[in-house]
K.L.:
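Submitted below is the structure of interest, expressed as structure tokens.
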There are 2 protein chains.
Amino acid sequence: MAKKELFDKELQQLAALFKALGHPARLAVMNHLAETKVCITGDISDRLPLSRTTINQHLRELKDLNLIRGEIDGARVNYCLNTDVIQDMVEQLNKYFQEINCCGTNNKQC
Amino acid sequence: MAKKELFDKELQQLAALFKALGHPARLAVMNHLAETKVCITGDISDRLPLSRTTINQHLRELKDLNLIRGEIDGARVNYCLNTDVIQDMVEQLNKYFQEINCCGTNNKQC
DNA sequence: AAAATATAACGTATTTTTACGTCATGATTT
DNA sequence: AAATCATGACGTAAAAATACGTTATATTTT
């Protein structure tokens with residue numbers, strides 16, 4: 001298996017972004033970080049119906065794609081949205097949809 | 001497991017959309033359908049490095065979320081992008097990111 | 001210095017996704 | 001009508017994602 005590698009690097013990367021957002025827990029984390037504009041530590045888990053370890057796992061996934069950042073503050077870690085990267089991503093996503101949806105003068109359907 | 005249900009219905013739905021696009025094969029399918037504006041049948045599989053059955057599975061997933069449509073034409077099925085639904089999704093997506101990224105006058109970061 | 005906190009690291013069970021082959025069904029062609 | 005072709009349905013093996021408990025590590029607090 002693991003045939004993902006057979007596709008365009010670009011497609012893989014784009015798919016990875018979509019996938020990262022493809023779980024309600026991760027969207028909820030993003031939401032929470034957006035609400036508490038002042039970037040709050042991992043007590044995110046108190047707000048969500050998942051264990052601390054699971055949330056940590058989701059945080060790591062988001063961090064791997066640079067969608068959020070974690071800054072060490074003593075014993076704690078302050079997480080926050082990486083707004084620049086997110087904005088960049090939104091542009092990428094929109095560009096993609098423009099390409100697939102509007103290419104050609106007419107959107108023929110079956 | 002299966003704790004997804006514990007989250008907002010809206011979040012779940014949005015996450016489902018993202019997830020559907022979270023695999024390079026499905027993005028490749030979308031691309032192919034976009035290129036061949038005239039909606040072509042399942043010979044999509046000839047273009048991709050996956051078996052016919054696997055592609056069919058991916059097609060079904062996209063169809064389940066209404067991102068594509070399949071119209072029976074004799075022994076064949078003509079697939080095409082469901083541009084309305086896709087456009088709808090783009091709007092949802094942008095609304096979501098506006099909410100999380102720009103809420104509050106200042107985007108505080110850590 | 002010891003106790004208490006906060007987080008990451010590790011290991012692991014369960015579920016879901018991915019990938020495919022085979023068979024069944026219905027349409028076209030011969 | 002038989003052969004062929006296209007697709008969907010079903011079953012299944014392997015891989016990845018999800019969810020969590022326990023342990024390790026580092027930092028405050030006492």
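It should be emphasised that the depicted structure is a prediction, and the values quoted were computed from it without experimental measurement. Chain letters run A, B, ... following the sequence lines, proteins first, then strands; residues in each count from 1. Computed from heavy atoms alone, side chains included, the values below leave out hydrogens, waters and symmetry copies.
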K.L.:
Which of these nucleotides, C:dT7, D:dT18, D:dG8, is closest to any side-chain atom of A:V77?
P.N.:
C:dT7

K.L.:
Between A:I68 (CD1) and C:dT7 (C1'), how many Å, whole number?
P.N.:
14 Å

K.L.:
Does atom CD of B:E10 have more than 12 heavy-atom neighbours, drawn from other residues, nucleotides or ligands, at distances under 6.0 Å?
P.N.:
no

K.L.:
For DNA chain D, determine which residues of residues 44-63 of chain A have any heavy atom closer than 4.0 angstrom to one of its atoms, and list them numerically.
P.N.:
A:L50, A:S51, A:T53, A:T54, A:Q57, A:H58, A:E61

K.L.:
Got a sec? Which of residues 6-17 of chain A come in under 4.0 Å of DNA chain C, heavy atoms?
P.N.:
none

K.L.:
In this structure, how many angstroms lie between the C1' atom of C:dT5 and the CG atom of A:D73, rounded?
P.N.:
14 Å

K.L.:
Separation of B:K3 atom NZ from C:dT14 atom P, in whole Å?
P.N.:
15 Å

K.L.:
Would you say the side chain of A:Y96 lies within less than 4.5 Å of the side chain of B:V90, judging by non-hydrogen atoms?
P.N.:
no

K.L.:
CD of B:E71 versus C1' of D:dA6: gap in Å, rounded?
P.N.:
17 Å

K.L.:
Show, in sequence, the C-alpha distance, side-chain angles and deciding distance for A:Q13 and A:D8, and conclude whether the side chain to side chain contact (heavy atoms under 4.5 Å, CB included) test is met.
P.N.:
CA-CA 9 Å; A:Q13 209 196 323; A:D8 269 18; over 6 Å; no

K.L.:
Restricting to side-chain hydrogen bond (donor to acceptor under 3.5 Å, both in side chains), what partner residues turn up for B:H23, sequence neighbours left out?
P.N.:
none

K.L.:
Less than 4.0 angstrom between a side-chain N/O of B:Y79 and OP1 or OP2 of D:dG8, yes or no?
P.N.:
yes

K.L.:
Answer yes or no: is there a side-chain heavy-atom contact under 4.5 Å between A:K3 and A:L6?
P.N.:
yes

K.L.:
So do B:L81 and B:I86 actually touch side chain to side chain, heavy atoms under 4.5 Å?
P.N.:
yes

K.L.:
Find out whether B:N31 and A:L11 are in side-chain contact, i.e. whether some heavy atom of one side chain is under 4.5 Å from a heavy atom of the other.
P.N.:
yes

K.L.:
Does any part of the side chain of B:T36, heavy atoms only, come nearer than 4.5 Å to the side chain of B:H32, both counted from C-beta?
P.N.:
yes

K.L.:
In whole Å, what is the span from the CG atom of B:D64 to the C1' atom of D:dA9?
P.N.:
14 Å

K.L.:
Can you see if the side chain of A:K4 gets near the phosphate of D:dA15 - specifically, an N or O under 4.0 Å from OP1 or OP2?
P.N.:
no

K.L.:
State which residue, out of B:I55, B:T54, B:N56, B:L59, fulfils the side chain to side chain contact (heavy atoms under 4.5 Å, CB included) condition with B:S45.
P.N.:
B:I55

K.L.:
Within less than 4.0 Å of OP1 or OP2 of C:dT16, is there a side-chain N or O belonging to B:H23?
P.N.:
no

K.L.:
Can you work out whether A:R26 or B:A75 has the more 5'-proximal nearest nucleotide on DNA chain D?
P.N.:
B:A75

